[in-house]
Student: 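The structure is given below, and queries will be raised subsequently.
In what follows, every heavy atom counts, from backbone to side chain, and hydrogens, waters and symmetry copies are set aside. In what follows, residues are counted from 1 in the order of the sequence shown. Order of appearance sets the numbers: ligands from 1, and atoms from 1 within every ligand. Just so we're clear, the structure is a prediction, and the values are computed from it rather than from any experiment.
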Amino acid sequence: MSDCVFCDIIHGELPASQVYQDETCVAILDIQPINPGHLLVVPKAHAASLAELDPAVGGHLFQVAQRLAVAVRNSGVKCEGVNLWLADGEAAFQDIFHVHLHVIPRYTDDGFDLVLSPAYYAKPERAELDEIAAQIELAL
Ligand SMILES: [Zn+2]
């Protein structure tokens, strides 16, 4: 056993309900689903954050999640829409520090919601957007 629950699952030391696997990743059911059929796409190589994740693996996770989203819709599991969700960092609600991409089946009035601060409704000026864009561009 390691100190990472996903590494333990990948190494067969903890059980999981697996839907898919390939050389790079596995897809398993979340044990605390937002809705039935809530999946996690998890890279086999440990990476705690997006900064540590090989970008090619990140792209692959998204490709697998896209395929799973279609499969969930076609599976008979209640699913009128899908959210892909990746939490990177504690402030973004990352709870397990091994990167994972959520595939969340959604349906009307399923109780899952985004709570936005009042600041969301006051749109920033173009100059502010341009300044932030330049700041991020410099960091690329
Ligand atoms: Zn891990």
Side-chain angles (χ1 to χ4, degrees):
M1 300 281 278
S2 69
D3 57 359
C4 174
V5 66
F6 288 151
C7 282
D8 289 345
I9 287 170
I10 287 159
H11 297 128
E13 292 164 357
L14 286 175
S17 297
Q18 186 175 294
V19 169
Y20 174 85
Q21 81 161 318
D22 60 27
E23 289 179 356
T24 306
C25 69
V26 299
I28 57 177
L29 283 173
D30 195 313
I31 60 168
Q32 193 169 21
I34 287 172
N35 286 319
H38 179 169
L39 294 159
L40 306 174
V41 187
V42 185
K44 286 185 172 175
H46 183 89
S49 67
L50 286 178
E52 292 181 13
L53 186 69
D54 178 340
V57 173
H60 182 73
L61 298 182
F62 195 94
Q63 286 184 324
V64 170
Q66 184 178 358
R67 188 173 159 202
L68 289 166
V70 173
V72 171
R73 282 177 179 266
N74 293 333
S75 69
V77 169
K78 187 170 184 178
C79 181
E80 298 168 359
V82 172
N83 280 127
L84 301 184
W85 169 268
L86 194 149
D88 186 51
E90 197 170 348
F93 303 123
Q94 185 175 8
D95 50 358
I96 296 172
F97 289 85
H98 177 140
V99 171
H100 51 288
L101 178 56
H102 296 259
V103 180
I104 307 169
R106 301 296 312 276
Y107 50 88
T108 304
D109 297 328
D110 64 9
F112 183 50
D113 205 355
L114 296 174
V115 178
L116 303 168
S117 77
Y120 171 77
Y121 299 97
K123 290 185 178 174
E125 298 297 323
R126 176 61 54 200
E128 183 182 345
L129 294 173
D130 287 347
E131 187 178 318
I132 293 168
Q135 186 179 346
I136 296 169
E137 187 179 12
L138 272 176
L140 284 173

Student: Below 6.0 angstrom between ring centroids: does that apply to His98 and His100?
Tutor: no
Student: Begin from the C-alpha positions of Leu40 and Leu101 and carry the test side chain to side chain contact (heavy atoms under 4.5 Å, CB included) through to its verdict.
Tutor: CA-CA 6 Å; Leu40 306 174; Leu101 178 56; over 6 Å; no
Student: For Val26, run the side-chain contact (heavy atoms from CB on, under 4.5 Å) check against Val19, Ile10, Val64, Val41 and tell me which one passes.
Tutor: Ile10
Student: Measuring from the Zn ion (ligand 1), name the closest N, O or S atom belonging to His98.
Tutor: ND1
Student: Of all N, O or S atoms in His46, identify the one at the shortest distance from the Zn ion (ligand 1).
Tutor: ND1
Student: Can you tell me, to 10 degrees, how wide the angle at the Zn ion (ligand 1) is between SG on Cys4 and SG on Cys7?
Tutor: 120°
Student: More than 12 heavy atoms of other residues, nucleotides or ligands under 6.0 Å from CZ of Phe62: is that the case?
Tutor: no
